[in-house]
Amino acid sequence: PASDIYALGCMLYEAVEGTPPFHNTMISRVIHCHIHDKPNRAANDIPGLSSLIARLLRKEPEKRMSASDVLRELNTGELHKTTIARISPGQKTEKTPPKALLFFVPLLLLALFSFISHVNEPQQRDNQRNAPTAIERLKAGDKEVLDRLAAQLAQRKTKGIAPKETIRALKLAAKKSAYAAYLLGLCHREALLVPFDNKKAVHFFREATKKNNAKAHCLLGLMYESGRGLPQSYAKALHHFKRAQELGETYGLVRLANRYLYGGGVPQNPQKGARLLQKAHEKGHKYAPYFLGRCHEEGLGLNMDWNKARNLYREAANLGDGAGAYRLGLLHERGLAGTKKDVDKAFFWYEKSYELGYRRGWLALANCYEKGIGVHPDRQKAINWYKQLLAIEEPHAFYYLGMCYEKGIGVKKDLHRAFKLYERGVKLGSAACIECISICYSEGIGCKKDSLKAEEYRKKLGGQLLEEMLGRLDSKLFGQ
């Protein structure tokens, strides 16, 4: 404000002269002088300082210098070019400044810099108070805020996010924003900020697809493809993948290629699938390298080349695809595809996969902590993670936690609970759980012996192992 600039001028004047601009025993006379009179020119003049004071003490507020003008004068004006250091004790001048002046002026100039830097703080605080909060911007469907939230959800970094306020804001935004509806679906599917609920996830994904959100089409396609949360239907999965591709989301193209690689909804044609993946790879899609790597690792539609496969997995991981990092961890853990067995490298890649939000990477990392693979064992941490993965219905987590209860690893041995966990895993399509249930019925582990049921599950296991081998149950947190 102009009054602050005037006050600064008075302070500078008194520091230079040793007295205020106007001095009188009568307060009314001092006020009159401040309103009508000009102060005497500073006797202890330093080039540039007197003119600066005069401009600060102008009677008309609009004619006084602004804070930015004062700062500019200090940085580039005459006062900036003339310093106290030029006046040495032995130098002859017309009038030597008093010692007090030499002591106080540098301090005063320092205070002046501080004053200028803070003079606009009240206005800044007002602006901050008037600026919309992140939650208000989220309610309005602000893309920048939605992008930031999506990045946090993709990596499961929800610490510091207020769950109730965020979900309420997303619901309001979802009335107009397809992006917000998609994120709500993702939250319910991955148990982020809200409990796991596939029905609500499907509802919000469908709302998002009505507004042509390509990512929601991809996730509905994945749910139809895997049969998790929706009845399995390759035809419907293909519909959503194709629609996502039409909307410019090349992940739809990648999943379509995957169907040609392994069959399901379309006649199996690995060469066509590989060509589609190469096309997506040329467009720079981050999920294409992983599937191309699988082609080279398994000789599907392309020549088998394990070195190329590993390089493509690394490329995928560097692009932010946790599946590539997970696959590298698996190759190093088990010494597959010509890869030298190295548990330290396996742990490194599993950890990276987990950080990138890939479910299988999270599960593999929990298994590392349980068994001490490349890391000091921490069974309590492993158990806690298995339980978190159960909450989002990760099928293989039921197998790992069931084994812990069956063997008494990190928890009290409980065969019945182990059997129940295997049962739940079977419903979600885990081949490992099917095998365990077969053994349970065969040997009476946590249930009554039943050779007929044991044989029934053994037959079911053959088909399910084929499904997993073909990669149809490869679950991915599709965040970005």
Side-chain angles (χ1 to χ4, degrees), residues 138-143 145-154 156 158 161 163-259 264-266 285 287 357 359 391-395 427-429 472-480:
L138 190 59
K139 289 177 183 177
D142 187 302
K143 189 177 184 302
V145 178
L146 288 169
D147 281 339
R148 192 161 58 243
L149 178 61
Q152 290 175 287
L153 295 178
R156 308 191 74 86
T158 56
I161 299 177
K164 290 182 180 179
E165 291 84 348
T166 302
I167 293 299
R168 278 199 295 266
L170 276 176
K171 285 180 179 177
L172 285 172
K175 293 177 181 179
K176 293 182 179 180
S177 168
Y179 194 5
Y182 157 73
L183 290 178
L184 268 174
L186 190 66
C187 287
H188 285 289
R189 182 177 182 258
E190 300 297 332
L192 295 164
L193 309 178
V194 288
F196 175 82
D197 191 326
N198 255 332
K199 288 183 179 179
K200 287 185 179 180
V202 169
H203 167 75
F204 286 114
F205 288 148
R206 283 182 171 153
E207 287 300 306
T209 57
K210 290 175 184 177
K211 301 181 181 76
N212 294 325
N213 183 273
K215 291 181 179 180
H217 275 292
C218 286
L219 278 175
L220 281 176
L222 283 172
M223 295 175 83
Y224 275 119
E225 185 181 56
S226 65
R228 295 179 194 165
L230 287 168
Q232 190 176 54
S233 170
Y234 290 130
K236 289 182 178 179
L238 283 169
H239 163 74
H240 285 289
F241 293 147
K242 287 177 179 177
R243 186 71 186 114
Q245 183 188 350
E246 290 167 4
L247 291 168
E249 178 53 71
T250 49
Y251 185 72
L253 178 63
V254 169
R255 296 308 305 187
L256 183 61
N258 201 45
R259 296 271 49 83
V266 293
H285 195 278
Y287 294 115
R359 283 187 185 182
I392 55 174
E393 295 191 352
E394 171 55 41
K427 291 176 182 177
L428 293 169
R472 289 175 185 164
L473 299 182
D474 200 25
S475 64
K476 182 185 292 291
L477 170 59
F478 180 68
Q480 291 293 335

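No hydrogens, no waters, no symmetry mates; every other heavy atom, side chains included, goes into these values.
- Residue pairs meeting the ring pair (Phe, Tyr, Trp, His ring centres under 6.0 Å) criterion with at least one partner in residues 191-210, sequence neighbours excluded, are His188-Phe204.
- One finds the CG atom of Leu149 at 10.0 Å from the OG1 atom of Thr158 (value rounded to the nearest 0.5 Å).
- Remark: Lys175 pairs with no residue by the salt bridge (charged side-chain N to carboxylate O under 4.0 Å, His left out) rule, at least two apart or across chains.
- For the atom pair SG of Cys187 and CG of Leu170, the computed distance is 6.0 Å after rounding to the nearest 0.5 Å.
- Taking NZ of Lys215 as the reference point, atom CG of Leu247 lies at 12.5 Å (rounded to 0.5 Å).
- Contact detail for Gly229 and Met223: the closest heavy-atom pair is CA-CE, 4.0 Å.
- The side-chain hydrogen bond (donor to acceptor under 3.5 Å, both in side chains) check on Lys200 picks up nothing, with sequence neighbours excluded.
- Between Gly221 and Ala237, the closest heavy-atom pair is O-CB, 3.3 Å.
- Across every non-hydrogen atom of Cys218 and Ala244, the tightest pair is SG-CB, 3.6 Å.
- Considering only residues two or more places apart in sequence or on other chains, Leu238 meets the side-chain contact (heavy atoms from CB on, under 4.5 Å) condition with Leu256, Arg259, Val266.
- Residues passing the side-chain contact (heavy atoms from CB on, under 4.5 Å) test with Ala208, sequence neighbours excluded: Ala181, Tyr182, Asn213, Ala216.
- When the side-chain contact (heavy atoms from CB on, under 4.5 Å) test is applied to Ser233, the partners found at least two apart in sequence or on another chain are Tyr224, Ala235, Lys236.
- Not counting sequence neighbours, the partners of Glu246 by the salt bridge (charged side-chain N to carboxylate O under 4.0 Å, His left out) test are Arg243.
- For Leu146 against Gly141, the heavy-atom pair with the smallest separation is CD1-O, 3.6 Å.
- Contact check for Phe241 versus His217: no side-chain heavy atoms found under the 4.5 Å cut-off.
- With sequence neighbours excluded, the residues forming a salt bridge (charged side-chain N to carboxylate O under 4.0 Å, His left out) with Lys210 are Glu207, listed by chain and number.
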(request) Kindly indicate, with the supporting measurements, whether the criterion side-chain contact (heavy atoms from CB on, under 4.5 Å) is fulfilled by Arg168 and Lys171. (result) CA-CA 5 Å; Arg168 278 199 295 266; Lys171 285 180 179 177; 5.8 Å; no
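- Closest approach of Ser177 to Lys211, counting heavy atoms only: C-CD, 4.3 Å.
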(request) I would like to know whether Ile392 and Leu192 meet side-chain contact (heavy atoms from CB on, under 4.5 Å); could you show each step before the answer? (result) CA-CA 9 Å; Ile392 55 174; Leu192 295 164; over 6 Å; no
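- The closest side-chain donor-acceptor pair between His285 and Glu249 falls under 3.5 angstrom.
- Classification of Arg228 and Glu393 as a salt-bridged pair fails, no side-chain N sitting under 4.0 Å from a carboxylate O.
- Between the CD atom of Gln152 and the CD1 atom of Ile161 there is a distance of 4.0 Å, given to the nearest 0.5 Å.
- Here the side chain of Arg156 pairs a donor or acceptor atom with the backbone of Glu190 at under 3.5 angstrom.
- Listed for the His240 side chain is no donor-acceptor partner under 3.5 Å among the backbone atoms of Leu219.
- Residues meeting the salt bridge (charged side-chain N to carboxylate O under 4.0 Å, His left out) test with Arg148, sequence neighbours left out: Glu144.
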